[in-house]
Amino acid sequence: MHAQVVEPIHGSKRSNHLAENRGMQSMTQQTPEEILAGGSDDDDRALRPRRLRDFVGQTDIKEKLAVAVAAARTRGEALDHVLFSGPPGLGKTTLAGIIASELDARLQTTSAPAISKPRDLARILTLLEEGDVLFIDEIHRLSRPCEEILYPAMEDGCIDFVIGEGMSAQSVKLHLKPFTLVGATTRSGMLSSPLKSRFGLELKLDFYSEEDLRHIIMRSAALLQVLVDEEAAVEMARRARMTPRVAIRLVRRIRDYVTVEKIDRANRAFVQSCLERLGIDALGLIELDRRLLRLMIERYKGGPVGIKTLAALVDEEERTLEEDHEPYMLRSALMEKSPQGRLATRKAYEHLDCLHLWGSPDRPNENRQRTDDDAHTPDSQSYLF
Ligand code: ADP
């Protein structure tokens, strides 16, 4: 019951990692034409801001984009390629859509895991019309041969391919119409430097303030036609993990309770009670986050614990923990990362009522012992069960 209700609040929009690995790879079955025609399958589409002025927060990024878009429009040129990085749910896809709207251009959307062959990527590029914005989500997951198709496409507006084999092989250059590539990544460190260097604008999205989230919550509640008190919105903002996608999903869940319990208006007490029933605590943690921290504290004396160990213990993919759970826990100082693994902070001990297990408050790491697991590099599989 718990997991079913809570999981969608944190699952990433397009590709649940576990589902992907279990073979639900519908996008990989698509032809390039279908990928281009398909657009986003995000059910939050109606809530997505369409214009820069409606996009809440991220002032610095909005300013940079506004200048770049205005300059491109004035010169009648395609906008320089843009790379967005940051944890899931912060607005990378939304900004790609906004760029297209602001340029009055078509948006073509795909994601790197959907592009298995360089030939498919070449086809997508040749189908682009002048001025199109091509959005590639999870761009760090492009294969090297696909990346190599992108280099000349981004730099010189052409693609090179080889026709024939052996002695009769011939290299052919095909010119593309001017386009803008917008890449999004949750792992900018995994992007190769040749690819990174071909983006003219590299923009890193930051977590949101409570005030920005409150704003997003009130806007979404109005669009979803659910009445929410200001104070209730503040409570939701506090538990939204600094992330708009989570904030919007909380609004949807509250709307469910409002409907079922026939409430006219959600006030703070009602929201608190709903969120508690959903297993979302005062810091926005869900059961899985608490389990992770508890394991670190109770089994590993606070850590360090290797990510593979944690993933195996909670039966989740490492990538899910690294991309969907850790960034917020690191940012909210519940967890720390060291070369040896993850550590629970004093704040985590306090939050989980485990302070009696904390060593010396003056020397916070004294209670921590290195475990055998942590002697392995993050890539080592050998200690897995
Ligand atoms: P990402 O691509 O970074 O995973 P999305 O662009 O899909 O994130 O955003 C997730 C949800 O949050 C979308 O429904 C979007 O409309 C909403 N959202 C994200 N950022 C903002 C923002 N700054 N203002 C309003 N809504 C936002």
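We count ligands from 1, going down the list as the structure has it; atoms in each ligand are counted the same way.
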Atom pair CZ/CG of R144 and L195 - distance to nearest 0.5 Å = 8.5 Å
To the nearest 0.5 angstrom, please state how far the CG atom of L201 sits from the OG1 atom of T180.
-> 10.0 Å
Short N/O distance, under 3.5 Å, between P49 and ligand 1?
-> no
Mind checking whether F84 contacts ligand 1 via backbone (N, CA, C, O), side chain (CB onward), both or neither, at a 4.0 Å heavy-atom cut-off?
-> neither
P87, any N or O under 3.5 Å of ligand 1 N or O | no
Of the side chain and backbone of D212, name the one, both, or neither that has a heavy atom under 4.0 Å from an atom of ligand 1.
-> neither
Looking at I248, which atoms of ligand 1 are within less than 4.0 Å of one of its heavy atoms?
-> 12 (O), 14 (O), 17 (C)
R219, any N or O under 3.5 Å of ligand 1 N or O | no
Is it true that R214 and E211 have a side-chain N and a carboxylate O under 4.0 angstrom from each other?
-> yes
Spacing of M335 atom CE and L310 atom CG [to the nearest 0.5 Å] | 6.5 Å
Polar contact flag for G57 and ligand 1 (N/O pairs, less than 3.5 Å) = no
Which of these, L134, I99, I139, D137, sits in a side chain to side chain contact (heavy atoms under 4.5 Å, CB included) with V182?
-> I99
Do we see a donor-acceptor contact under 3.5 Å between the side chains of R277 and S273?
-> yes
Does any N/O atom on P88 come nearer than 3.5 Å to any N/O atom on ligand 1?
-> no
If we number the atoms of ligand 1 from 1 as shown, the ones under 4.0 Å from a heavy atom of F55 are 20 (N), 21 (C), 22 (C), 23 (N)
N or O contact, K92 vs ligand 1, cut-off under 3.5 Å = yes
Scan the side chains in residues 151-163 for donor-acceptor partners under 3.5 Å anywhere in the protein, sequence neighbours excluded, and list what turns up.
unit_1, atom_1, unit_2, atom_2, d
Y151, OH, E147, OE1, 2.6
D160, OD1, K173, NZ, 3.2

In terms of atom number and element, which parts of ligand 1 are under 4.0 angstrom from non-hydrogen atoms of I216?
-> 22 (C), 24 (N), 25 (C)
How are the rings of H81 and F179 set to each other: parallel, tilted or perpendicular (split at 30° and 60°)?
-> tilted
Ligand 1 atoms nearer than 4.0 angstrom to some heavy atom of L47 are 16 (O)
